[in-house]
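Worksheet: the structure to be examined is printed underneath.
Here is the naming used below: chain letters follow the sequence lines, and residue numbers restart at 1 for every chain. Basis for what follows: all heavy atoms, side chains included, without hydrogens, waters or symmetry-related copies.
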Protein chains: 2
Amino acid sequence: MEMDERKKKILRAIVQDYIATAEPIGSRTIARKFDLGVSPATIRNEMADLEELGLIEQPHTSAGRIPSDSGYRYFVDCLMDPPRITDEEKQVIERETTKRISEIQEVIAHTSKLLSHLTSLTSIILGPHKGKSAFGQMHFLPYQPGQAIMVIIKENGVVDNHIVDIGDAITAEDLQHVANVFNNKMKGQSVDQVKKNLLHQIYGELARQRRLIDNAMELLSTILDEVEQPEKIYLGGTLNMLNQPEFKDLEKVKTLFKVFEEDERIKKLVQPTQEGLNVTIGGENTLKEFQDCSVISATYRVNGETIGAIGVLGPTRMDYSKVMAVVDYMTRSLTEILTRRRR
Amino acid sequence: MEMDERKKKILRAIVQDYIATAEPIGSRTIARKFDLGVSPATIRNEMADLEELGLIEQPHTSAGRIPSDSGYRYFVDCLMDPPRITDEEKQVIERETTKRISEIQEVIAHTSKLLSHLTSLTSIILGPHKGKSAFGQMHFLPYQPGQAIMVIIKENGVVDNHIVDIGDAITAEDLQHVANVFNNKMKGQSVDQVKKNLLHQIYGELARQRRLIDNAMELLSTILDEVEQPEKIYLGGTLNMLNQPEFKDLEKVKTLFKVFEEDERIKKLVQPTQEGLNVTIGGENTLKEFQDCSVISATYRVNGETIGAIGVLGPTRMDYSKVMAVVDYMTRSLTEILTRRRR
DNA sequence: GTTAGCACTCTCAAGTGATGAGTGCTAACT
DNA sequence: AGTTAGCACTCATCACTTGAGAGTGCTAAC
């Protein structure tokens with residue numbers, strides 16, 4: 001069976017109306033609301049075909065039709081108005097993102113809020129992965145008698161600091177010396193490499209500061225091996241889900257919110273499967289709790305390198321065109337902000 | 001009218017049963033479940049008295065009685081078994097808190113989880129307030145051509161760092177010089193003071209680095225004025241509320257969770273009004289969304305100084321004895337951990 | 001190929017009545 | 001005087017029925 005023009009029109013009508021009202025729509029209503037020039041009976045026949053094609057379904061005998069997952073998929077791929085951001089949305093985003101915020105976490109948290117606000121759905125942002133970064137520089141700053149602050153700058157520019165106990169016997173010059181040795185030997189190396197290859201060298205050169213070195217190495221391990229610490233997840237507008245009629249059931253809300261607390265599974269949702277905008281509809285995603293939901297996601301970059309993902313979660317019945325436009329624009333916006341910030 | 005022994009017994013029975021079942025309890029059931037040696041009719045008479053005293057109430061004519069806020073209050077103050085932590089709870093807490101965690105945020109987050117888990121309610125922890133701290137030291141570290149990392153150490157030992165753009169013309173010595181001037185002039189001063197009194201001096205001494213100074217001052221403002229950044233709030237087990245029968249209504253859930261997102265109002269809930277354990281029952285607290293809820297809270301300390309609060313939020317119908325015991329114990333535990341950690 | 005007509009199905013909301021829990025009151029009992 | 005049995009009354013809840021409305025599929029006519 002072929003998808004002729006009229007079938008397409010009818011499917012589009014069904015999807016659009018269902019997205020707007022969340023009510024199954026019947027042939028009579030379609031004929032009334034959408035000017036297709038045919039009678040309800042004709043539409044009924046077409047709908048029977050569409051159902052056979054698996055694009056729409058009936059919740060029960062005497063209800064109207066609703067789109068199936070495949071129906072949404074077809075709609076998104078072939079029927080939908082192309083995603084186009086409205087001037088109003090654009091303005092809001094511009095206004096909100098030009099506020100100068102320095103901390104990257106805050107930028108992302110703010111983006112998350114904005115995204116959920118614009119879509120009235122739940123936003124999910126995968127924070128930038130810290131990236132296993134190699135050793136860059138080390139410095140010691142005087143702090144208090146017997147203590148110094150060890151500052152470690154990773155190769156990717158992230159700065160970490162820790163207070164370390166030093167003996168009273170160590171002078172500023174000694175510290176400088178230790179730092180110099182580390183900086184020379186370790187530049188660009190991972191901790192494992194250092195432990196294997198260079199530690200005895202360092203010990204050799206700095207025999208007297210053995211305790212300080214051990215201390216420093218331990219700190220370096222924890223700081224540079226921070227990769228295990230997973231990317232942070234930012235959720236925004238989780239409450240918006242409660243306004244969706246598909247979550248008027250308390251049990252559903254419970255399971256939904258339970259999953260919201262499991263970062264690992266949320267992460268899977270926005271994990272991009274391909275470049276550009278990802279649209280995952282209903283059962284296409286693997287989490288059974290979200291079989292009634294769709295996710296629009298995309299990745300954001302810094303200096304061309306993909307470092308995180310941004311997504312919107314909503315009921316399958318969402319305004320794909322609008323949400324896709326917003327996610328797309330926000331991704332670019334975020335990429336731009338982060339890139340500019342880094343310059 | 002006096003509260004004689006029998007009235008007390010009956011009130012206690014009503015509260016205990018209602019806490020356990022969440023169902024209004026009638027005279028017959030009381031006579032059956034609790035061995036008071038009198039007939040339902042007598043209990044009815046007593047209950048009429050208790051109602052007149054405002055300690056219990058009837059949801060509707062033919063339902064049993066439930067405790068009123070005053071009833072709970074009387075129960076907590078006079079009737080309840082004294083809070084006593086069980087060995088089992090104690091063990092769990094010991095086990096969980098001996099895991100060595102270094103970051104204070106993590107300690108608190110973990111405590112929050114533990115607390116909500118033990119009580120099956122929602123835990124609220126007010127993070128340690130950062131305290132307005134004055135300028136301590138400043139350092140510049142070389143980073144990339146044209147950029148340096150400015151490290152600011154506050155008087156309380158908190159370290160902050162930011163990448164700053166410096167011109168190509170500035171040498172390491174220049175930077176050192178700038179830092180020295182700042183360190184000399186500003187030690188222990190607040191930013192406002194500096195702006196008022198010292199800025200022109202600094203400009204005078206460092207005429208050539210005017211742009212860098214402006215830059216630095218701006219950063220200092222944001223870093224040192226961080227007080228405005230409020231104490232962080234840790235919520236745990238918010239989902240537990242969904243298991244409470246009083247929140248089977250979706251509308252209630254919505255308003256509840258909305259308030260959960262408003263830190264300012266949550267803060268009010270646990271803000272201690274007196275030393276030791278605070279018990280706020282139902283309408284006693286000021287937030288109208290929480291008129292059906294009670295809060296048990298207490299403050300935790302470091303080195304004798306109160307730095308935050310810890311609390312449990314649940315329906316008015318909660319197991320006061322148990323929750324009070326747990327909150328009390330956890331407070332001590334947290335105080336101890338933080339104090340030990342600081343040594 | 002399209003449409004009108006019609007019987008049929010199914011949900012939903014409103015109405016009904018039985019049931020049961022619980023009360024307050026009265027009068028009898030100890 | 002305090003306690004209890006008995007009883008009429010109230011009210012929520014549940015199961016059941018019923019009617020209305022929406023929608024369908026089928027058939028026959030256009």
Exercise. Just checking B:Ala63: base, sugar-phosphate only, or nothing, at a heavy-atom cut-off of under 4.0 Å?
Worked result: sugar-phosphate
Problem set entry | B:Ile10 CD1 - C:dG22 C1' separation (whole Å) | 15 Å
For this session: Say whether, by atom type as modelled, one donor and one acceptor occur between the side chain of B:Glu89 and the main chain of B:Thr86 under 3.5 angstrom.
Result: yes
For this session: Grab the CD-P distance between A:Glu46 and C:dT3 for me, whole Å please.
Result: 11 Å
Exercise. Side-chain N or O of B:Ser62 less than 4.0 angstrom from OP1 or OP2 on C:dA21?
Worked result: no
Exercise. With respect to the phosphate group of C:dT11, does any side-chain polar atom (N or O) of A:Thr61 fall under 4.0 Å of OP1 or OP2?
Worked result: no
For this session: Would you mind reading off the distance between A:Lys7 atom NZ and C:dG1 atom C1', rounded to a whole angstrom?
Result: 12 Å
For this session: Before accepting this row, confirm whether a basic side-chain N of the pair B:Glu289/B:Arg265 lies closer than 4.0 Å to the acidic partner's carboxylate O.
Result: yes
Exercise. What does C:dC10 pair with, Watson-Crick or G-U, if both distances are under 3.5 Å?
Worked result: D:dG21
Problem set entry | Donor-acceptor contact present, side-chain A:Thr119 to main-chain A:Leu115, <3.5 Å | yes
Problem set entry | For atom CD1 of B:Ile25 and atom C1' of C:dG22, their distance in whole Å | 12 Å
For this session: Look through every strand shown and name the nucleotide pairing with D:dA28 as Watson-Crick or G-U wobble, where both distances are under 3.5 Å.
Result: C:dT3
Exercise. Quick one: how far along DNA chain D does chain B reach, first to last nucleotide 5' to 3', anything under 4.0 Å to a heavy atom?
Worked result: D:dT3 to D:dA12
Problem set entry | OG-CD1 distance between B:Ser321 and B:Ile19, expressed to the nearest 0.5 angstrom | 9.0 Å
Seminar exercise, completed: Comparing nearest nucleotides in DNA chain C, the 5'-proximal residue of the pair B:Gly64, B:Ala41 is B:Gly64
Problem set entry | Within 6.0 Å of NZ in B:Lys7, more than 12 heavy atoms from elsewhere | yes
Exercise. Quick one: A:Asp49 CG to C:dG1 C1', roughly how many Å, whole number?
Worked result: 13 Å
Problem set entry | Sub-6.0 Å ring centroid separation between B:Phe257 and B:Phe260 | yes
For this session: Output the distance between atom CE (A:Met47) and atom CD1 (A:Ile14), rounded to the nearest 0.5 Å.
Result: 5.5 Å
Exercise. For B:Ile56 and C:dG22, what is the distance between atoms CD1 and P respectively, to the nearest whole Å?
Worked result: 13 Å
